[in-house]
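A quick note: this is a predicted structure, and the numbers were derived from the prediction, not measured. Hydrogens, waters and symmetry mates play no part in the numbers below; they use all other heavy atoms, side chains included.
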Amino acid sequence: SYEIEREYREQALEESNERLEQFAYAASHDLQEPLRMVSSYLRLIERQYSDAFDEEGEEFLTFAVDGADRMREMIDGLLAYSRVETRGDPFEAVDLNSILEDALADLQLQITDTNAEITAEKLPRVEGDGNQLRQVLQNVLENALTYSGESSPQIHLEANRRKQDWVISVHDNGIGIEQANQERIFDIFDRLHSREVYEGTGLGLALCQRIVERHDGELWVESEPGSGSTFSFALPAAADREQ
Ligand code: ADP
């Protein structure tokens, strides 16, 4: 019957997802080692043989070092991505206010550099993996600080109850995102700008989406070019416990 066929297809899909995940994990894990060699020997050459190069040679060496650094970032990101399901912590009640504080502490340099103003409503407690939820907040905030255009970033966080969920929204006054691009920014490695304009790997939002999905939630964006973006994610509210 249809029902059985659908179940069968879903199961096959799940299995192929799992295989893909294992592949991504193994590939990125095994790529780390040779890449570490490339990086450390390049650094050695830079340090000990720099006199052997003319200006052009030195420039080529810089490109090679940059390339290796970028590959490292991507591999680290891929590893983190493939580990979302398998290496996550068990869920517990998580206070998003302290998660936000931690995320902001890590972003302090960028906040000062960009002269950003960040305001937040009191955030709720949700049920989840604190480590992963911090990655989500941090990634979204980092993007809000990065894709800010000319003016200094103004960022506001709010929380709204929606049935069993809390919806956390991060508003920014940045460059915004065209409707046509609003889906693909969640794809792995997909970016809208060249690295000369904005640095990045294109992994952040894909990772965030996977994490939010592990929490049975969703992550989405509302935006218009020139008038900022709002990234929102829904998370299950923490069960009310006797305090
Ligand atoms: P990265 O920032 O490393 O490129 P992300 O997956 O975090 O990767 O983001 C993907 C793309 O989505 C970015 O390259 C950028 O073009 C766009 N983007 C993300 N956040 C914002 C934002 N707050 N405002 C405008 N564009 C954004």
Side-chain angles (χ1 to χ4, degrees), residues 59 62-63 65-67 69-74 76-78 80-81 96-97 99-123 132-160 166-213 217-235:
E59 196 186 14
T62 312
F63 291 157
V65 170
D66 281 354
D69 284 349
R70 189 144 47 100
M71 198 189 287
R72 142 138 279 150
E73 243 180 87
M74 292 169 105
D76 286 351
L78 260 185
Y81 183 83
L96 285 180
N97 298 291
I99 298 272
L100 173 63
E101 256 176 52
D102 292 346
L104 291 178
D106 260 18
L107 295 168
Q108 198 48 58
L109 199 68
Q110 208 179 341
I111 294 173
T112 318
D113 279 356
T114 55
N115 221 352
E117 192 189 315
I118 302 180
T119 53
E121 282 181 1
K122 187 172 183 299
L123 299 179
Q132 291 188 343
L133 292 181
R134 174 205 155 118
Q135 287 180 52
V136 172
L137 258 187
Q138 198 165 321
N139 262 315
V140 170
L141 285 169
E142 190 175 358
N143 282 343
L145 290 165
T146 304
Y147 302 102
S148 62
E150 301 291 294
S151 50
S152 56
Q154 290 193 328
I155 302 168
H156 180 66
L157 286 90
E158 64 176 56
N160 293 292
W166 280 104
V167 176
I168 313 298
S169 298
V170 181
H171 304 278
D172 70 47
N173 63 335
I175 57 176
I177 303 157
E178 270 176 59
Q179 189 74 40
N181 292 326
Q182 287 178 10
E183 256 179 59
R184 53 174 272 223
I185 55 169
F186 295 98
D187 292 343
I188 201 159
F189 294 137
D190 215 325
R191 318 196 54 230
L192 306 177
H193 312 274
S194 79
R195 284 177 26 85
E196 283 72 42
V197 188
Y198 292 106
E199 281 204 15
T201 57
L203 253 161
L205 287 176
L207 182 68
C208 291
Q209 192 171 45
R210 270 207 90 188
I211 291 174
V212 173
E213 274 166 11
E218 39 176 341
L219 167 69
W220 69 95
V221 65
E222 288 151 286
S223 180
E224 245 175 78
S227 39
S229 311
T230 299
F231 282 84
S232 301
F233 49 93
L235 295 170

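- Remark: Glu178 CD is loosely packed, at most 12 non-hydrogen atoms of other residues, nucleotides or ligands lying under 6.0 Å away.
- Note: Ile168 CD1 to Leu157 CG = 8.0 Å, rounded to the nearest 0.5 Å.
- The shortest distance between side-chain heavy atoms of Trp220 and Val167 falls below 4.5 Å.
- Sorted by first then second residue, the salt bridge (charged side-chain N to carboxylate O under 4.0 Å, His left out) pairs that include residues 113-123, not counting sequence neighbours, number zero.
- Taking every heavy atom of both residues into account, Met74 and Thr201 meet most closely at CG-CG2, 4.2 Å.
- Under a 3.5 Å cut-off, the side chain of Asp172 and the backbone N or O of Gly228 do not form any donor-acceptor pair.
- When the options Leu141, Ile118, Ile155, Asp106 are evaluated for a side-chain contact (heavy atoms from CB on, under 4.5 Å) with Ile111, the one that passes is Ile118.
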Go through the steps for Val136 and Gln132 under the test side chain to side chain contact (heavy atoms under 4.5 Å, CB included), then give the verdict. CA-CA 6 Å; Val136 172; Gln132 291 188 343; 5.8 Å; no
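- The line from CD of Gln110 to CG of Leu104 is 11.5 Å long, rounded to the nearest 0.5 Å.
- When the side chain to side chain donor-acceptor pair (under 3.5 Å) test is applied to Ser232, the partners found at least two apart in sequence or on another chain are Ser169.
- With sequence neighbours left out, Tyr198 forms a ring-ring contact (aromatic ring centres under 6.0 Å, His included) with Tyr147, His193.
- Between Asn97 and Glu101, the closest side-chain pair of non-hydrogen atoms is not below 4.5 Å.
- Arg184 places a side-chain N or O within donor-acceptor distance of the main-chain N or O of Arg191, the cut-off being under 3.5 Å.
- Scanning both residues, Ala206 and Asp187, for their nearest heavy atoms gives CB-C, 4.1 Å.
- Here the CD1-CG distance, from Ile99 to Leu133, works out to 6.0 Å after rounding to the nearest 0.5 Å.
- Annotation: the span from Gln135 atom CD to Ile211 atom CD1 amounts to 4.5 Å, rounded to 0.5 Å.
- Considering only heavy atoms from C-beta on, Phe189 comes within 4.5 Å of Leu203 through its side chain.
- At most 12 non-hydrogen atoms from other residues, nucleotides or ligands lie less than 6.0 angstrom from CD of Glu183.
- The two residues Cys208 and Asn139 come nearest to each other via the heavy atoms SG-CB, 3.4 Å.
- Looking at Asp76 and Arg72, their side chains come closer than 4.5 Å, going by heavy atoms from C-beta outward.
- With respect to Thr230, the side-chain hydrogen bond (donor to acceptor under 3.5 Å, both in side chains) criterion is satisfied by exactly one of His156, Glu222, His171: His171.
- Among all heavy-atom pairs drawn from Leu96 and Leu137, the shortest one is O-CD1, 4.5 Å.
- Within a 6.0 Å radius of CE in Met71, other residues, nucleotides and ligands contribute 12 heavy atoms or fewer.
- To the nearest 0.5 angstrom, Leu235 atom CG is 11.0 Å from Leu123 atom CG.
- Between the side chain of Ser223 and the main chain of Ile177, a donor-acceptor pair closer than 3.5 Å is present.
- The structure places CZ of Phe231 at 4.0 Å from CD1 of Ile185, a figure rounded to the nearest 0.5 Å.
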